[in-house]
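Below, read A as the first sequence line, B as the second, and so on, with proteins coming before strands; counting in each chain starts at 1.
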Amino acid sequence: MKTKGVSNQEIAGVFDEMAGLLEAKGDSIFKIRAYQRAARVIEGLPGSLEEAVAAGEELKGLPGIGEAIRGKIHEYVTTGRVSALEKLKAEMPDGVLQLMNVPGIGPKTAMLIAREAGVSTVEGVEKAIADGRLQKLPRMGEKTAENILRNIRTLRTKDRRIPLGRAMPVVERIMADLRERCPALEKITPGGSVRRWQETVGDIDMMATTDDPEQAVKAFVGLPYVTRVLGKGVKKTSVILDNGLQVDLRIIDKESFGAMLQHFTGDRQHNIQLRDYANSMGLSLSEYGITDMKTGRMEKFTEEEAFYRRLGMDTPTPEIRHARGEIELARRHALPRLVEVGDIRGDLHMHSDWSDGRAPIEVMLEAAEEAGYQYVALTDHSSGRGIANGLTEERLRSQIGILRSMRGMAMKVLCGSEVDIRADGTLDYPDEVLAELDVVVASVHSAMGQSSEKMTERIIKAMRNPHVTVIGHPTTRLLGSREPVQADMEALFRAAVETGTAMEINASPERLDLNDTHVMRAKELGAPLVISTDSHSTGSLEKLRYGVAVARRWWCEARHILNTLPLEDFMAFIKTPKPERMRVFNQRLGG
DNA sequence: GCCGTTTTCGGCCCGACTGTTTTCAGTCG
């Protein structure tokens, strides 16, 4: 079958567009939700939908995707268009979807503006407000116009989402400051994407209990780095910080804290699915508790676990609450025990001031030992193109000498290197040098614009090198600043299994590379995964938790992660010649 | 539009806040 080369993301985009237009049209809210739900399901699919269609698969059994949507997927994949969408576009005024992107402009307002004021662009909205035309429309006034205008401005200036690693310190600071300024504050905790450890955060949700909500709200809006108050109530208050981040604070009775925690941790799809399930039991869920729909009586919960228990299920850890099967497993009491920070026995990617790190070798190693590791690999950069003060063969040999003669460490120190994978797939050091190392992390640092075919071939060539232990930050992406390289990840994971090469989950919050979806597929195919910090200073060692969260989000257990192996087993792994390593990995970790 | 150990038809998650209104629609999460 001839196909057009469309990604799952694009297909999901079609249904989001459908949903948006139907919303503006005022169509059935349930039909709209069905399209949105389908879009979310499609986004979360592991394999390519296009390939599935090309292979003649029926697409049956995908939740939320029935006859009609199936047909549209098929149409889009084979023809590159969806006639229903085009028809819809034709009957709707131009620009409605664009207008709906502005916070404060929903489907109704977008239609009103487009139809009555003949405006189809965001710039047009600004003009209409300046003219006073918009304010004259029904249910529009000065305040609404002012709000929209401000939202347009923030939309232009602010970065849409920030890495979790930047949001977390903000959360910690707010918690500390509120505790200090509001003695009546009892519990306070983040919810939403922060609590779920998502890689990026759009805004921050916080939850609190207190006997004095007014005092808490006053303290909150009075924080010195709050620049704007979006809304203020005793239950919900929203502010914008000087760094552009929006923070919502919700306050609730302590009897309902567990219910609220559940409610505002989400994600959205998890909650929808959970409420759907509760409905089938005759129960209705809200942030206040669980209501028996027959008697109308509400039960409150101080603890989240009790809330889930009332529904007859275990509590899925927040990281996996994204409606991808966790509810079903929780009901069957079959949730896996996910890998934890404490399971990691060694860090396999770390730099010293010999290359671009900030601390001397001894300082880095002492910090690692303090962190409780059984082993650590020091992996300074190879000489490459002279970047990052890479080590010449000579300096590398001298570093090896120092490390091998080190005494007095309880932790095993492994000699390693982060070796450049050159544009043609060869490595910076010759094989006889690599052979002297215990751990070789091979990474791409240059020629990132290569075609997918070339890049895939390049990385696989590095994997075939008998001395390469791990592929470092496989896609090289930097959150918010550098796109991932083009590569056939599926092929890389298969090559990892075939060659006995591990794939890194780089825990640096700016990288998180592999990401959670990659991890899911790698795990499925049985590729060994490694979680490393890529530390350039002692402070980065604690960033391990971000990498562990990536693994947890797609249900990795300790057995999927190579560096959860105790020292003896890990040594057995690296001492075994390469393709054979898979046997060791599968034996020691039980695949 | 999807879905069904209640159903192939009739349901579909739930509440807070704002602004423009005299009782609520619209938006958001």
Side-chain angles (χ1 to χ4, degrees), chain A residues 15 18-19 22-24 26-41 59-73 84 88 99-113 135-148 150-151 191-193 196 201-207 213 217 229-239 246-252 256 259-260 262-291 293-294 298 311 323 327:
Chain A
F15 293 122
M18 291 278 301
L22 289 171
E23 250 187 312
D27 211 312
S28 153
I29 183 67
F30 302 110
K31 196 198 262 192
I32 292 160
R33 275 199 206 131
Y35 278 120
Q36 288 169 338
R37 178 166 183 232
R40 300 291 81 71
V41 168
L59 306 182
K60 289 240 165 82
L62 290 177
I65 296 176
E67 201 53 48
I69 292 186
R70 212 159 33 230
K72 291 185 176 70
I73 293 173
L88 206 49
L99 298 183
M100 281 165 66
N101 278 331
V102 178
I105 300 184
K108 296 287 190 297
T109 314
M111 271 305 268
L112 186 71
I113 297 175
Q135 294 88 317
K136 292 210 179 71
L137 296 173
R139 293 198 68 84
M140 290 283 126
E142 277 306 328
K143 285 217 158 184
T144 307
E146 204 178 294
N147 238 328
I148 290 174
R150 214 157 27 184
N151 287 332
S193 49
R196 293 197 309 275
V201 171
D203 55 24
I204 295 173
D205 289 307
M206 311 269 298
M207 284 159 280
V217 171
V229 179
L230 295 175
K232 200 166 98 171
V234 284
K235 295 192 160 149
K236 180 189 172 186
T237 299
S238 303
V239 302
Q246 178 174 335
V247 185
D248 296 346
L249 177 69
R250 311 205 179 236
I251 298 172
I252 200 163
S256 290
M260 177 165 75
Q262 195 290 314
H263 183 86
F264 289 113
T265 296
D267 71 4
R268 197 184 168 79
Q269 292 304 321
H270 174 87
N271 281 357
I272 288 176
Q273 216 171 297
L274 196 68
R275 286 184 205 133
D276 192 31
Y277 172 56
N279 281 163
S280 74
M281 297 170 69
L283 301 171
S284 168
L285 310 182
S286 78
E287 61 260 55
Y288 298 104
I290 301 181
T291 307
M293 295 197 280
K294 266 205 194 104
M298 186 203 283
L311 300 173
I327 289 177

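Both A/G233 and A/M281 lie close to DNA chain B; mapped to their nearest nucleotides by heavy-atom distance, the more 5′-ward contact belongs to A/M281. Two residues, A/I105 and A/A68, neighbour DNA chain B, and the one matched to the more 5' nucleotide by heavy-atom proximity is A/A68.
Ranking B/dG1, B/dC17, B/dG26 by closeness to the A/K235 side chain, first place goes to B/dC17. Closest approach to the A/K236 side chain among B/dC17, B/dT20, B/dT27 is made by B/dC17 (side chain taken as heavy atoms from C-beta onward). Listed candidates were B/dG1, B/dT20, B/dC3. Nearest to the side chain of A/A34 is B/dG1. Side-chain proximity of A/S28 to B/dC3, B/dG29, B/dG1: nearest is B/dG1. In the set B/dC14, B/dC2, B/dT27, B/dC2 carries the atom at the smallest distance from any side-chain atom of A/I69. Closest contact between the side chain of A/R268 and the listed nucleotides B/dG29, B/dT20, B/dG15 involves B/dG29. Distance from the side chain of A/R139 is smallest to B/dA25 among B/dG29, B/dA25, B/dC28.
Heavy atoms of A/E142 sit under 4.0 angstrom from primed sugar atoms or phosphate atoms, though from no base atom. In this structure, A/F30 reaches the bases: a heavy-atom distance under 4.0 Å links it to at least one base atom across the strands shown. Counting non-hydrogen atoms under 4.0 angstrom, A/I29 reaches nothing in the nucleic acid. In this structure, A/D248 reaches neither bases nor backbone, as no heavy-atom distance under 4.0 Å exists between it and the strands shown. When heavy atoms are screened at a 4.0 angstrom cut-off, A/K143 is found touching the sugar-phosphate backbone but no base atom. As judged by a 4.0 angstrom heavy-atom cut-off over every strand, A/R33 is placed among the base-contacting residues. Among the atoms of the strands shown, none is found under 4.0 Å from any heavy atom of A/V41. Among the atoms of the strands shown, none is found under 4.0 Å from any heavy atom of A/L274. Within the 4.0 angstrom heavy-atom criterion, no nucleotide atom of any strand lies near A/P138. Contact annotation for A/Y288: backbone-only contact, meaning every heavy-atom pair under 4.0 Å involves sugar-phosphate atoms and none involves a base. Within 4.0 Å of A/S284, counting heavy atoms only, lie sugar-phosphate atoms of the nucleic acid but no base atom.
Closest approach of A/L137 and A/I113 over heavy atoms only: CD1-CA, 4.3 Å.
Annotation: side chain of A/L285 is in contact with side chain of A/L311 (closest heavy-atom distance under 4.5 Å). Side-chain contact check for A/V234 versus A/I251: every heavy-atom pair is 4.5 Å or farther apart. Under the 4.5 Å side-chain criterion, counting only non-hydrogen atoms from C-beta, A/R268 is not in contact with A/Q36. You'll find the side chain of A/I73 reaches within 4.5 Å of the side chain of A/I65, heavy atoms only. A/R196 places none of its side-chain heavy atoms less than 4.5 Å from the side chain of A/H270.
Taking atom P in both B/dG26 and B/dT21, the straight-line distance is 12 Å, to the nearest Å. Rounded to the nearest Å, the gap between the P atom of B/dT5 and that of B/dG1 is 23 Å. Between B/dT8 and B/dG4, the two C1' atoms lie 8 Å apart (nearest whole Å). When the C1' atom is compared between B/dT7 and B/dG11, the two are found 9 Å apart, to the nearest whole Å. Comparing B/dC17 with B/dT23, their P atoms sit 22 Å apart, to the nearest whole Å. Look at the C1' atom in both B/dA16 and B/dG10: the space between them is 29 Å, to the nearest Å. The same atom, C1', is picked in B/dT20 and in B/dC24; the two are 9 Å apart, to the nearest Å.
Per the geometry, CE belonging to A/M100 stands 12 Å off C1' belonging to B/dG26, to the nearest Å. The distance between atom CD of A/E67 and atom C1' of B/dG4, rounded to the nearest whole Å, is 17 Å. Between the C1' atom of B/dG26 and the CE atom of A/M140 lies a distance of 8 Å, rounded to the nearest Å. The separation between A/Q36 atom CD and B/dC28 atom P is 12 Å, rounded to whole Å. If you measure from atom CD of A/E23 to atom P of B/dG29, you get 13 Å, rounded to the nearest angstrom. Rounded to an integer number of Å, the gap from A/D205 CG to B/dC28 P is 15 Å. B/dG11 atom P lies 19 Å from atom CD1 of A/I32, rounded to whole Å. Nucleotide B/dC2 holds its P atom 12 Å from the CG atom of A/L22, rounded to whole Å.
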Practice item. Could you walk me through whether A/M206 and A/V247 pass side-chain contact (heavy atoms from CB on, under 4.5 Å), step by step? Key: CA-CA 7 Å; A/M206 311 269 298; A/V247 185; 3.8 Å; yes
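When both pairing distances are held under 3.5 Å, B/dT8 makes no Watson-Crick or G-U pair with any nucleotide shown.
In this model, the phosphate group of B/dT20 is approached by a side-chain N or O of A/T144 to a distance below 4.0 Å at OP1 or OP2.
Checked for salt-bridge contact, A/E146 and A/K143 miss the test: no charged N lies under 4.0 Å from a carboxylate O.
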